[in-house]
Amino acid sequence: MNTRNSLIIILVVALALALAGAVLQPRMETPLATHWNAQGEADGFGGAFEALYLLPLVLLGTSLLVLGLPRIDPMRTAKMNFGLVNWVILLLAGFLSYLHILTLAWNLGSRFNMSQMLTPAMGFLFIFMGLIVRKAQPNWFVGIRTPWTLSNTVVWQKTHDLGGKLFVASGVIALFGILFPNAAIWLLMAPVLLSALATVIYSYIVFRQIDAKAG
C-alpha cells in the first residue's frame, strides 16, 4: 500500500462519513449525543458539527499529518517506515469509521452500551497495532519512543518485539469486554496501561545491560 492510495482511501472514507451524517441528520433529534461515559451511557451532547462532521475532519487531518511525518524524520528512515505508517492510518480509518457509525445509530434512536460495542473494535485495533509495531524501524514519530530505544537500535528492536506481543495480548483481553460489559473499560485500559509501563521499564533495563557490557 503506497501513500497515494492511502490518501485516496482516507479522502473517500472521510467524505462518505460526512455525507452519511448530512443525509441522516434530518431524521435525528437534537441535541445530538457526542460523548459516552465508562458505563456506555451518553453524557455529552452538542450540535451537528460535533456529532456528525468532527470525526471525518479528525480522520482527514490526522491522516495527512501522520503520513507526512516520515518525510521529516531526522533519523532518515522514511522509506522503511512508510509502509508501517500507511497501515496505521488505515487501521485508524477503520476504527473511526466504526465509531462514527455507532454515533449515527445512537442519534437515530438506537440504544446500546457504547463501551460494549466499542470493545471488539478496540481489541482488534490493539491486536493489529501490536503485530505492526514489531516491524517499526527506529524513528522519532512511530513506535515505542523512549530515551533508551532512540539511543540504541538493539534496545529498539527488543522493546518493540516485547511491546508488540504485550499489545496483542492486551487486545485479546479487551475482547472479553463483549462478555462482561460492566468491566469493558477496565479490560481495555488496564492491560494497555500496564503494557505501556512494562515496555518503558524493559527498554531501560535492556539499555543498562548493554551499557554495562560495553563498559
(message) Please report the interatomic distance CD(Glu29) to CG(Leu108), rounded to the nearest 0.5 Å.
(response) 10.5 Å
(message) Taking Thr103's backbone N and O only, do any of them form a donor-acceptor pair with Asn107's side chain (distance below 3.5 Å, no angle check)?
(response) yes
(message) I'd like to check Leu17 versus Leu55 (side-chain heavy atoms, cut-off strictly below 4.5 Å). Are they in contact?
(response) no
(request) Calculate, to the nearest 0.5 Å, the distance between atoms CD and CG belonging to Gln157 and Leu162 respectively. (result) 14.0 Å
(message) Could you report the tightest heavy-atom contact between Ala121 and Phe95, atom names first, then the distance?
(response) CB-CD1, 3.9 Å
(request) Any chance you could measure Leu150, atom CG, to Phe207, atom CZ, to the nearest 0.5 Å? (result) 11.0 Å
(message) Would you say that more than 12 heavy atoms from the other residues, nucleotides or ligands in this model lie under 6.0 Å from the CZ of Phe180, or not?
(response) no
(request) State yes or no: do Val12 and Ile101 share one hydrophobic cluster built from I, L, V, M, F, W and Y residues joined by side-chain heavy-atom distances below 4.5 Å, directly or via other members? (result) no
(request) Dump the intermediate steps for side-chain contact (heavy atoms from CB on, under 4.5 Å) on Thr119 and Leu188, then the final yes or no. (result) CA-CA 7 Å; Thr119 292; Leu188 171 65; 6.0 Å; no
(request) Locate the shortest heavy-atom distance separating Ile144 from Gly163; write the atom from each residue and the value. (result) CD1-CA, 3.9 Å
(message) Set out, in order, the CA-CA distance, both residues' side-chain angles and the distance that settles side-chain contact (heavy atoms from CB on, under 4.5 Å) for Thr62 and Leu96, then state yes or no.
(response) CA-CA 11 Å; Thr62 304; Leu96 291 181; over 6 Å; no
(message) Set out, in order, the CA-CA distance, both residues' side-chain angles and the distance that settles side-chain contact (heavy atoms from CB on, under 4.5 Å) for Met122 and Val192, then state yes or no.
(response) CA-CA 11 Å; Met122 292 295 294; Val192 171; over 6 Å; no
(request) Flag yes if Val13 and Leu92 sit in one hydrophobic cluster, no otherwise; membership is Ile, Leu, Val, Met, Phe, Trp, Tyr, and two members link when side-chain heavy atoms are under 4.5 Å apart. (result) yes
(request) Could you pull out the closest heavy-atom pair between Asn113 and Pro181, with the gap in Å? (result) ND2-CB, 4.1 Å
(request) Just jot down the side-chain hydrogen bond (donor to acceptor under 3.5 Å, both in side chains) partners of Arg208, sequence neighbours excluded, or say none. (result) Tyr204
(request) Would you mind listing every side chain to side chain donor-acceptor pair (under 3.5 Å) that reaches into residues 191-200, with sequence neighbours excluded? (result) Ser170-Ser195
(message) On a heavy-atom basis, which atom in His160 and which in Arg134 lie closest, and how many Å separate them?
(response) O-CG, 3.5 Å
(message) Quick check: is Val168 connected to Leu125 through a chain of hydrophobic side chains (ILVMFWY, heavy atoms under 4.5 Å apart)?
(response) yes
(message) Applying side-chain hydrogen bond (donor to acceptor under 3.5 Å, both in side chains), can you list everything that pairs with Gln25, at least two apart in sequence or on another chain?
(response) Tyr53
(message) Would you compute the distance between atom CD1 of Ile132 and atom CZ of Phe167 and round it to the nearest 0.5 angstrom?
(response) 13.0 Å
(message) Please report the interatomic distance CG(Leu52) to CG(Leu24), rounded to the nearest 0.5 Å.
(response) 8.5 Å
(request) Of all the heavy-atom pairs spanning His100 and Ala51, show the shortest one and how long it is. (result) CE1-O, 4.1 Å
(request) State whether the side chain of Trp156 and the backbone N or O of Ala136 hold a donor-acceptor pair below 3.5 Å, judged by distance alone. (result) yes
(message) If you compare all heavy atoms of Leu59 against all heavy atoms of Ala93, which two are closest, and at what distance to 0.1 Å?
(response) CD1-CA, 3.6 Å
(message) Check for me, please, whether Leu166 and Ile205 land in the same ILVMFWY cluster - side-chain distances under 4.5 Å, paths through other members count.
(response) no
For residues 36-46, please give each side-chain donor-acceptor pair under 3.5 Å, one per line with the distance, not counting sequence neighbours.
| from | atom 1 | to | atom 2 | distance (Å) |
| --- | --- | --- | --- | --- |
| Asn37 | OD1 | Gln39 | N | 3.0 |
| Asn37 | OD1 | Gly40 | N | 3.2 |
| Asn37 | OD1 | Glu41 | N | 2.9 |
| Asp43 | OD1 | His35 | ND1 | 2.6 |

(request) Determine whether Leu90 and Leu15 fall in the same hydrophobic cluster, where Ile, Leu, Val, Met, Phe, Trp and Tyr are linked whenever their side-chain heavy atoms lie under 4.5 Å apart. (result) yes
(request) Go through the steps for Thr159 and Thr149 under the test side-chain hydrogen bond (donor to acceptor under 3.5 Å, both in side chains), then give the verdict. (result) CA-CA 7 Å; Thr159 301; Thr149 58; over 6 Å; no
(request) With rounding to the nearest 0.5 Å, note down the distance linking CG in Leu187 to CG in Asn182. (result) 10.5 Å
(request) Could you check Glu50 against Leu32 for side-chain contact (heavy atoms from CB on, under 4.5 Å), going step by step and ending with a plain yes or no? (result) CA-CA 8 Å; Glu50 299 94 328; Leu32 301 173; over 6 Å; no
(request) Would you check if Leu118 and Tyr98 make a side-chain contact, meaning some heavy-atom pair closer than 4.5 Å? (result) yes
(request) Could you list all the salt bridge (charged side-chain N to carboxylate O under 4.0 Å, His left out) pairs where at least one residue sits in residues 102-123, not counting sequence neighbours? (result) none
(request) Assess whether atom CZ of Phe124 is packed by more than 12 heavy atoms of other residues, nucleotides or ligands within 6.0 Å. (result) no
(message) Please enumerate all residues that pass side chain to side chain contact (heavy atoms under 4.5 Å, CB included) together with Val154, with sequence neighbours excluded.
(response) Asn152, Lys158, Ile210
